[in-house]
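All of these numbers come straight from a predicted model, not from anything done at the bench.
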Amino acid sequence: MQLSRTLAWLVDAASDCPGADRLLAELGAHLVADGVPLAAGSLTLEVPHPLIAKRTWLWRAENGRVIEALGFAPSGLAPDPPDDAGRRWLRDIAGGEVHEEVVGRQDGPQLGWIGPRPFTADEIEQLRQAARFAATPLAVLAARATLRATLDAYLGKRSAERVLAAPLRRDLGETIQAALLYADLRNFTTLSETTPPADVIAALDAWFDRIAGAVHAFGGEVLKFIGDGVLAIFPVVEASPRRACDAALRAAGAAEAGMAYLNGERGAQGLPPLAFGAALHLGEILWGNIGAANRLDFTAIGPAVNLASRLEGLCKPLERTVLVSGALAAETDTPLVALGSHPLRGIASPCEVFTLPATQARIS
């Protein structure tokens, strides 16, 4: 069977494309080389993501460039589905009729094309054949994207990269230096016992939005949601802890501001405020796989994690929202208020403790 260059490429090499953007660009270029007059093309994939419903890549034939449009889930940030956005974009390019093909199953990936003139019957058949032969490489691409999106959602970007790059064994990990942020809500037990479950979940989600949003905004990564608590890291890069420490401090300040705004909204609804405590520390952690032989968890462990957890326990007795260890305070120029040396449960040596100057709110 004699295949066109486009179909031969789809069979032999398309599955090796590193991403949907490159597959679309190379598919478009091969179709043009095989005589199909194209002005632009689009590729839309569904994505298993908490916020993003679909991703659409848009390719222009004149320069080979690919841009991306995101379609957000109903509870996300934008109402327009990306397939509609792609169709409008294609029409804006050439002003003609868009030819679309669903690849594989009815709800599968969608390819769209537009030319400088209407396509002939032979050209439409070429586009249909390309869509049929694209089913396998797009399935491979979708499987990769699903795996990556799932790991990113549950583990975080850095941890997902680490898991994908290493074998699934529990004896694999590495020691890294990081600024740690450990935080949890106050009086959560009382809240959960006196509040309907749906309202408890809504409160937890609002809290996690503020603390995780602040962590991610300053380059950190949430490793764990532990009940009503959060463990996040800001890895040290280039052997310079200051940037990681400053980022952790800014994240803690941003979380305070976010919670203050949230509590204003809760007060207007007649709901009680949510108080939290957070501890920041700098140290070495073992970052990798732990668990049973056939059930693994990717996490961070070590004395630094224990200290951060114990230090957070001082927030209530010291009546502070954010506490900072002496180890982290020594690596930043951010003005801090010294609170003295304090023993920590299970930690051999007392810890020098600091707080942020603006952190004066009483923890109830």
Worksheet item: Is the backbone of T189 close enough, under 3.5 Å, to the side chain of S192 for a donor and an acceptor to pair up by distance?
Response: yes
Worksheet item: Is L138 linked to L3 within one hydrophobic cluster, defined over Ile, Leu, Val, Met, Phe, Trp and Tyr using a side-chain heavy-atom separation of less than 4.5 Å?
Response: yes
Worksheet item: When you look at CZ of F225, are more than 12 heavy atoms from neighbouring residues, nucleotides or ligands closer to it than 6.0 Å?
Response: yes
Worksheet item: Do the non-hydrogen side-chain atoms of L249 and L328 ever get within less than 4.5 Å of each other?
Response: yes
Item to complete: Provide the closest heavy-atom pair for A203 versus L191 in the form atom of the first, atom of the second, distance.
Response: CB-CD2, 4.2 Å
Worksheet item: So do the side chains of L111 and T44 get within less than 4.5 Å of each other, counting heavy atoms only?
Response: no
Discussion item. If you compare all heavy atoms of A254 against all heavy atoms of A214, which two are closest, and at what distance to 0.1 Å?
Written reply: CB-CB, 3.9 Å
Worksheet item: What's the verdict on side-chain contact (heavy atoms from CB on, under 4.5 Å) for C351 and H342, showing C-alpha distance, side-chain angles and the deciding distance?
Response: CA-CA 5 Å; C351 179; H342 296 267; 5.8 Å; no
Discussion item. Counting only heavy atoms not in R148 (residues, nucleotides, ligands), do more than 12 fall under 6.0 Å from its CZ?
Written reply: yes
Practice prompt. Start with the C-alpha distance between E100 and I114, add both sets of side-chain angles, then the distance that settles side-chain contact (heavy atoms from CB on, under 4.5 Å), and finish with yes or no.
Written response: CA-CA 9 Å; E100 293 178 316; I114 197 165; over 6 Å; no
Worksheet item: Does a side-chain heavy-atom distance below 4.5 Å link R242 with D333?
Response: yes
Response to the item:
d(L58 CG, E68 CD) to nearest 0.5 Å is 9.0 Å
Discussion item. I'd like to know if the side chain of T146 and the backbone of A142 have a donor-acceptor N/O pair within less than 3.5 Å.
Written reply: yes
Worksheet, complete the sentence: Rounded to the nearest 0.5 Å, the OG1 atom of T150 sits from the OH atom of Y154 at a distance of 7.5 Å
Practice prompt. Take T321 and L356 through the test side-chain contact (heavy atoms from CB on, under 4.5 Å) and record every step on the way to the result.
Written response: CA-CA 9 Å; T321 299; L356 299 175; over 6 Å; no
Worksheet entry | Distance-minimising heavy-atom pair for A134 and V103 | C-CG1, 4.0 Å
Practice prompt. Indicate yes or no: at least one non-hydrogen side-chain atom of L280 is less than 4.5 angstrom from one of L323.
Written response: no
Worksheet item: So does R65 have more than 12 non-hydrogen atoms from other groups sitting under 6.0 Å from CZ?
Response: no
Discussion item. We want to know whether E101 and H99 form a side-chain donor-acceptor pair, criterion being a heavy-atom distance below 3.5 angstrom.
Written reply: yes
Fill in: Output field: ring centroids F234/F218 closer than 6.0 Å
no
Practice prompt. Verify side chain to side chain donor-acceptor pair (under 3.5 Å) between S325 and H281, making sure each step is shown before the conclusion.
Written response: CA-CA 5 Å; S325 74; H281 178 52; 2.7 Å; yes
Worksheet item: For V322, does its backbone N or O pair with a side-chain atom of T355 as donor and acceptor, under 3.5 Å?
Response: yes
Worksheet item: Would F188 and I201 show up in the same hydrophobic cluster when neighbours are defined by side-chain heavy atoms closer than 4.5 Å?
Response: no
Item to complete: Might you point out which heavy atoms bring Q126 and L31 nearest each other, and give the distance in Å?
Response: O-CD2, 4.5 Å
Worksheet item: Does R320 reach the side chain of C315, with side-chain heavy atoms less than 4.5 Å apart?
Response: no
Worksheet item: Nearest 0.5 Å, what's the NE2-CG distance between H30 and L38?
Response: 13.0 Å
Worksheet item: Roughly how far, to the nearest 0.5 Å, is the OG1 atom of T6 from the CZ atom of F133?
Response: 11.0 Å
Worksheet item: Looking at CD1 of I347 and CG of L307, how far apart are the two atoms once the value is rounded to the nearest 0.5 Å?
Response: 5.0 Å
Fill in: Single-linkage hydrophobic cluster I226~L180, side-chain heavy atoms < 4.5 angstrom
yes
Discussion item. Taking K157's backbone N and O only, do any of them form a donor-acceptor pair with E221's side chain (distance below 3.5 Å, no angle check)?
Written reply: yes
Worksheet item: Any salt bridge between R186 and D184, counting N to O under 4.0 Å?
Response: yes
Worksheet item: Do W59 and L43 pass the side-chain contact (heavy atoms from CB on, under 4.5 Å) test, and can you show the C-alpha distance, the side-chain angles, and the key distance before you say yes or no?
Response: CA-CA 9 Å; W59 166 78; L43 170 62; over 6 Å; no
Worksheet item: Do the non-hydrogen side-chain atoms of F354 and L339 ever get within less than 4.5 Å of each other?
Response: no
Fill in: P137 versus S15, closest heavy-atom pair with distance
CA-OG, 3.4 Å
Worksheet item: Transitively linked via ILVMFWY side-chain contacts under 4.5 Å: V140 with L24?
Response: no
Practice prompt. Answer yes or no: is there a side-chain heavy-atom contact under 4.5 Å between V163 and L296?
Written response: no
Discussion item. Ring pair (Phe, Tyr, Trp, His ring centres under 6.0 Å) for F298 and W287? Distances and angles first, verdict last.
Written reply: CA-CA 7 Å; F298 193 87; W287 186 53; 5.4 Å; yes
Worksheet entry | Flag, side chain of R210 to backbone of M259, donor-acceptor distance under 3.5 Å | no
Discussion item. Could you report the tightest heavy-atom contact between T332 and L336, atom names first, then the distance?
Written reply: CG2-CD1, 4.2 Å
Worksheet item: Hey, is the main chain of T120 close enough, under 3.5 Å, to the side chain of E123 for a donor-acceptor pair?
Response: yes
Worksheet item: Same hydrophobic cluster for V32 and L10, using side-chain heavy-atom links shorter than 4.5 Å among ILVMFWY?
Response: yes
Discussion item. So Q177 and P241, do their side chains get closer than 4.5 Å, heavy atoms only?
Written reply: yes
Response to the item:
Rounded to the nearest 0.5 Å, the CG atom of L223 sits from the OH atom of Y182 at a distance of 12.5 Å
Worksheet entry | Crowding at CD, Q269 (>12 non-hydrogen neighbours, <6.0 Å) | yes
Fill in: Donor-acceptor contact present, side-chain R22 to main-chain C17, <3.5 Å
no
Worksheet item: Is the side chain of D228 donor-acceptor paired with the backbone N or O of L185 at a distance under 3.5 Å, no angle test?
Response: yes
